[in-house]
J.: 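There's a structure below that I have some questions on.
All of these numbers come straight from a predicted model, not from anything done at the bench. Hydrogens, waters and symmetry mates play no part in the numbers below; they use all other heavy atoms, side chains included. Throughout, protein chains are lettered first and strands after them, A, B, ... in sequence-line order, and every chain is numbered starting at 1.
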2 protein chains.
Amino acid sequence: MTTSAEQEGKRRGRRPAGADTKNALIEAARAVFIEQGYEGATVRAIAKRAGVDPAMVNHWFGGKEGLFGQSVLQLPIDPTMFANEISEGDIDTLGERIVRRFLTIWDSSGGGQFSALVRSVASHDMAVQGLREIFLKQIFMRVAAKTGADNAMFRATLVASQLVGMGMVRYVTKFEPLATNDIDTMVAAVGPTIQRYFTGDIG
Amino acid sequence: MTTSAEQEGKRRGRRPAGADTKNALIEAARAVFIEQGYEGATVRAIAKRAGVDPAMVNHWFGGKEGLFGQSVLQLPIDPTMFANEISEGDIDTLGERIVRRFLTIWDSSGGGQFSALVRSVASHDMAVQGLREIFLKQIFMRVAAKTGADNAMFRATLVASQLVGMGMVRYVTKFEPLATNDIDTMVAAVGPTIQRYFTGDIG
DNA sequence: CAAATTTTTCAACTCTTGGTGAATTAATAA
DNA sequence: TTATTAATTCACCAAGAGTTGAAAAATTTG
């Protein structure tokens, strides 16, 4: 009965306004990259999920690579703000504050955003450079410096290792009960570890 | 001058014996999967590296998937043996023993094997199930049970989080100085964390 | 030796990939 | 209104993917 041209949403030409294709693509890309990784995710699958033609990826982002950078590689935090927030306050509760802040941020996306970042790092070398820059130099290194302890860089990497690992187990592999334990429980368990890495005796 | 049939090493038919194609493929697969990830690694590239025809992958492993399982997903340790080794000895140095053992094992492949596993987990859901089974239930859970502490499963996941994180930073993102610090230094820094997760107060 | 089997290469097939350019339609400017 | 610009879809391409089946050569078996 219906010709292919009659079907709603398949007409050619510019859309009747209000349709934010760019954002739709970014959200779809996040989801698909999370589920499939960089290589596994296809431009076609992303476009389909966004309800848009695959050619739009090229039009708006210059290609798959560009879309990747504009979706997954965008952190949900402002590094400088993060560093400042956790720096101010009692130095003895620094570890607890960081763990709480870390989990609050990543929990808000159900862990998907964290998964995506790990996938990026695993399948895409360029992401590693970005992470090092942001996490280490802009955040942990800055915090470690404020404590005045020696071996600031080593301490920063130790902190990163525990936080990244906690994220892996909670968001990626989802080992129970760590994956669903409430934040307070996690703070009590992991906070002291971070605290020691920053201000304690590490050998 | 030379016809294609004259060139050495390109004749058809069975090879002059002694050529262990299967193993050559497994080793090549490990290398390429490590460097490229599952999707990024091509059967052709693996075969070329092994000096063998791509069709051999199908012949010996039934396809790319099979080769993946027989190469990367093989852990370089025997879980039961590992659990026993670290269980025996002074319970107060349990943490140190685990860190030392963990690093010794994965350092031996230059970290590549660990990277590959992470890549698998990130791009291949089936690997997660395998990891949970092996790491948690067969190793850490068993050890945690021996200590007689409460919350054995929570403790096991905490241990896993710190070890996985250490592996991520040392082998995957390679943040310095943690990436190249010698094992003794790492044991001194991280050992106490593991020890506390197993036998200490975690909230 | 002859027959059967195993191992290997080769060529080709099909499917999917990311990307391109023209055509089409809506929105906007003159 | 008319002309211009922006947004979207479509059909198609070249490259590369994993896989397949037949042919060829070495080995093993009878």
J.: Can you tell me which nucleotide in dT20(D), dA7(D), dT7(C) comes closest to the side chain of H59(B)?
T.: dT7(C)

J.: With the side chain of W60(B) defined as its heavy atoms from C-beta on, choose the nearest nucleotide among dT19(D), dA7(D), dT8(C).
T.: dT8(C)

J.: Whole-Å distance between dT20(C) P and M56(A) CE?
T.: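 M56(A) atom CE is separated from dT20(C) atom P by 15 Å.
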
J.: I want to check one thing: is the phosphate of dT8(C), taken as OP1 and OP2, less than 4.0 Å away from some side-chain N or O of T21(B)?
T.: yes

J.: Which pairs pass salt bridge (Lys or Arg N to Asp or Glu O under 4.0 Å) with one or both residues in residues 104-117 of chain A, sequence neighbours excluded?
T.: D107(A)-R170(A)

J.: Without decimals, in angstroms, what is the distance between K22(A) NZ and dA6(D) P?
T.: 14 Å

J.: Go through dT17(C), dG18(D), dC10(C) for me and flag the one nearest to the V43(B) side chain.
T.: dG18(D)

J.: Taking the side chain as every heavy atom from C-beta outward, state whether D150(A) and R155(A) have any atom pair closer than 4.5 Å.
T.: yes

J.: Please walk me through it: do D182(B) and T185(B) pass side chain to side chain donor-acceptor pair (under 3.5 Å)?
T.: CA-CA 6 Å; D182(B) 60 61; T185(B) 305; 3.0 Å; yes

J.: Regarding A41(A), tell me which of base, sugar-phosphate or nothing describes its non-hydrogen contacts under 4.0 Å with the strands shown.
T.: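 Sugar-phosphate: the residue A41(A), judged by heavy atoms under 4.0 Å, touches backbone atoms but no base.
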
J.: Supply the atom-to-atom distance M166(B) CE to M186(B) CE, rounded to the nearest 0.5 angstrom.
T.: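 Those atoms lie 5.5 Å apart.
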
J.: Hunt down any stem DNA chain D takes part in, defined as 3 or more consecutive Watson-Crick or G-U pairs whose two distances are each under 3.5 Å.
T.: C:1-30 with D:1-30

J.: Just verifying a value: how many Å separate I46(B) CD1 and R30(B) CZ, rounded to the nearest 0.5 Å?
T.: 12.0 Å

J.: Set out, line by line, the N/O atom pairs under 3.5 Å between protein and nucleotides 13-15 of chain C.
T.:
none

J.: Whole angstroms only, please: what is the CG-P distance between L25(A) and dG18(C)?
T.: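 After rounding, the gap between these two atoms is 13 Å.
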
J.: Return the value, rounded to whole Å, for the distance between atom CG of D20(A) and atom P of dA26(C).
T.: 19 Å

J.: Figure out the CG/P separation between D53(A) and dT20(C), and round it to whole Å.
T.: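 These atoms are roughly 14 Å apart.
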
J.: Once you round to the nearest 0.5 Å, how far does CD1 of I26(B) lie from CH2 of W60(B)?
T.: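 Here the rounded value is 11.0 Å.
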
J.: Would you name the heavy atoms of G63(B) and N58(B) that are closest together and state the gap between them?
T.: CA-OD1, 3.2 Å

J.: For the pair made of CG in L67(B) and P in dT19(D), what is the distance, rounded to whole Å?
T.: 10 Å

J.: I need the NZ-C1' distance between K64(B) and dG16(D), as an integer number of Å.
T.: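 Rounded to whole Å, this separation is 12 Å.
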
J.: Report yes or no: does E96(B) contribute a side-chain atom to a donor-acceptor pair with the main-chain N or O of A188(B) at less than 3.5 Å?
T.: no

J.: Using the six-membered ring of Y38(B), assess whether NZ or CZ of K64(B) lies under 6.0 Å from its centre and within 45 degrees of the ring axis.
T.: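 Yes, a cation-pi geometry holds between K64(B) and Y38(B).
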
J.: Of the nucleotides dT20(C), dA17(D), dT20(D), which has the atom closest to the N58(A) side chain?
T.: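 In terms of side-chain proximity for N58(A), the closest of dT20(C), dA17(D), dT20(D) is dT20(C).
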
